[in-house]
Novice: 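Dropping a structure here in structure tokens format, bear with me for questions.
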Amino acid sequence: MGDFQLLARGIALAGCGIGAGCALIAGIGPGIGEGNAVAKALEAIGRQPECKSDVTSTMLLGCAIAETTGIYGFVTGLLLIFVAPGMFMNYLK
């Protein structure tokens with residue numbers, strides 16, 4: 001294995017690691033968004049307790065949709081950690 005191939009493998013692995021770290025940071029956004037949604041839902045229920053079921057169902061739907069962003073980031077990070085390095089190493093052979 002030449003020096004160029006060794007350098008190329010190192011760059012590919014570093015890119016996968018950096019990309020996975022950036023993808024996993026995507027879990028922060030849904031956590032903050034869901035926290036804000038729950039806080040506002042609790043405020044609404046506190047002001048008008050009779051609309052609890054409507055507010056709760058809408059909040060749960062919104063939190064489920066927001067959570068998909070975090071799941072996509074998590075899956076992307078896992079793919080970059082476990083699948084992509086093997087694919088890159090096969091291309092470099």
Side-chain angles (χ1 to χ4, degrees):
M1 178 183 322
D3 289 339
F4 177 74
Q5 284 184 335
L6 188 63
L7 180 64
R9 285 178 181 230
I11 291 172
L13 291 175
C16 287
I18 292 170
C22 291
L24 293 177
I25 289 175
I28 295 172
I32 294 171
E34 290 172 21
N36 287 338
V38 171
K40 296 298 180 179
L42 290 176
E43 281 182 23
I45 292 171
R47 291 181 186 189
Q48 292 182 339
E50 65 274 2
C51 68
K52 178 182 178 182
S53 63
D54 293 336
V55 172
T56 303
S57 62
T58 305
M59 178 202 62
L60 289 176
L61 179 65
C63 285
I65 291 171
E67 188 64 32
T68 59
T69 306
I71 292 171
Y72 290 148
F74 180 68
V75 169
T76 303
L78 287 178
L79 289 174
L80 283 171
I81 291 171
F82 294 111
V83 177
M87 291 175 57
F88 286 135
M89 295 310 124
N90 289 335
Y91 290 139
L92 292 174
K93 287 183 181 178

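None of the values given here were measured: they were computed from a predicted structure.
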Novice: Rounded to the nearest 0.5 Å, what's the gap from CG on Leu13 to CD1 on Ile18? Could you check?
Specialist: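 Taking CG in Leu13 and CD1 in Ile18, the distance rounds to 11.0 Å.
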Novice: What's the separation between atom CD1 in Ile32 and atom CG in Asn36, rounded to the nearest 0.5 Å?
Specialist: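 One gets 7.5 Å once the value is rounded to the nearest 0.5 Å.
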Novice: Apart from Val38 itself, what residues make up its hydrophobic cluster, given side-chain heavy atom links below 4.5 Å?
Specialist: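 Besides Val38, the hydrophobic cluster comprises Leu42, Met59, Leu60, listed by chain and residue number.
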Novice: As an exercise, state the distance from CD1 of Ile45 to CZ of Arg47, rounded to the nearest 0.5 Å.
Specialist: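 It comes to 12.5 Å.
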Novice: Locate the shortest heavy-atom distance separating Gly46 from Pro49; write the atom from each residue and the value.
Specialist: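 Distance-wise, the nearest heavy atoms are O-CD, 4.2 Å.
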Novice: Considering only distance and modelled atom types, tabulate donor-acceptor pairs under 3.5 Å from the side chains of residues 66-82, sequence neighbours left out.
Specialist:
| from | atom 1 | to | atom 2 | distance (Å) |
| --- | --- | --- | --- | --- |
| Thr68 | OG1 | Ile65 | O | 2.5 |
| Thr76 | OG1 | Tyr72 | O | 2.8 |

